[in-house]
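Worksheet for the structure shown next.
Protein chains get the first letters and strands the later ones, always in sequence-line order, with residue 1 at the start of each.
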Amino acid sequence: MTVDGKKVWLQGTTVMMRNGKIVFTKRCPCDCEPRVLHSTTVDGSSDDRDERCWDLKPYQGSDEGTPFARWRLMEVGEDRDCSGTHYGSGEIDECGKLVGLDDEFCSGYDYKGYMEIQQGCYRPDLGKWEWPCPEDSGERYT
Amino acid sequence: MSEISFPTPSHMPFIASGAPPDFLPQPFCCVRVNDTWKIAAERNGVWQRLNTGLPEDATECAPTAEWADNGWIVSFIAGGSESNRAFYLYRLYGLDSGEAIRLCGADVGFTWKQTIVHGGRRGTMNIQSPSRIRTAKFVSLEYLYRASYHPRRPRELLISGKLRNTGEVATFLYHPGKSIHILTADDGQAAYKAAFGRGDELFYARQTGESFEDRQIVQAGSYRTVELNLKEEVREGFVAPEFAPGDDPAFE
């Protein structure tokens, strides 16, 4: 974006209205795809703090996710079945920042935890948020 | 052999890991109090009944526990009192709070973190996590007697019940969507209402008298798992998406 006198030139920027305001984003929210942003394994029984804790500060900046998507921190299990515990969630702002992400996550459990920071996208046609988890399988019960 | 010993009579063992960094084993089980089963924990070498706040004539059983938020969170099944004959899944925050919280009607089940497992004596068991509700119907079991889990591999469930074809009891080690094994101990007997210790040693309720309920928790000298065909043994499914908790931010 450059300013030339009374004119503003936009290049590589998306302009949109949101909640009555004009916002500029580098990445179009329409490009949202559910995906795993970051992952690691933690083990609360380890003597090594680096193995017990996950430093999340590197992921607190801009351009981490798609604007106006959502993020969540969860334990997904070794086979990524996504049936595990959620440890936090929040919005992704117009700069792609994961709003509210803590500085670190430390495990207090004596087994390995398979952690992911995931991005979810709202699907208006489905009326729900979609996350990067395995498709449901097996016979469905109603 | 483990140093853990359980009182006589007793059944439904569970060995939780205590607070970090030591994760000292904390055993739980059911003990007989005036002819009624009550949940108990070993504290400073003495087995003590937990204060659940439920009526004296209520049967309490199937304890599980986890150390979280600087305290114990215990789940158990209770019911059968004169004031209310139905059985429910309860949660107790702290060992002495005296205020068990009723979660849902159930004959078997437990809670672990944000997951609730519950089911009736017969029929389908529900495994409810924040993102989905999985269902499991055990084809060869006529009755479910207990649902528990491996404390260090919490996605592996321990399911005890009565076999439809022989009428005998059996315990399955069930990993939803992945595998199912039948678990036997010592001389091939069913590892009835089993629990794993921190070193993967196995405890189970061995019948010691004529009555089915005359049981004593013992440590198995050895145990064996034999894999079964998951699709033949368990009818698995998911609750229809519109009824699942979904990923609604409000749920979190």
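- Of the two parts of A:D47, neither the backbone nor the side chain holds a non-hydrogen atom closer than 4.5 Å to a non-hydrogen atom of chain B.
- Applying the ring-ring contact (aromatic ring centres under 6.0 Å, His included) test to B:Y204 and every residue at least two apart in sequence or in another chain returns nothing.
- In this structure, the side chain of B:E201 engages the main chain of B:G199 through a donor-acceptor pair within 3.5 Å.
- From B:F87, atom CZ reaches atom CD1 of B:I77 across 9.0 Å, with rounding to the nearest 0.5 Å.
- Between B:F76 and B:F14, the ring center distance fails the sub-6.0 Å criterion.
- Contacts of A:Y122 with chain B are absent, with no heavy-atom separation under 4.5 Å from either backbone or side chain.
- Listed options B:K231, B:R152, B:R155 were ranked by heavy-atom pairs under 4.5 angstrom with chain A; first place goes to B:R155.
- For B:R198, the part sitting under 4.5 Å from any heavy atom of chain A is the side chain, from C-beta outward, and nothing else.
- With a 4.5 angstrom heavy-atom cutoff, A:E78 does not touch chain B via any of its atoms.
- Residues that satisfy the side-chain contact (heavy atoms from CB on, under 4.5 Å) test with B:P154, not counting sequence neighbours, are A:Y111, B:W112, B:Y149.
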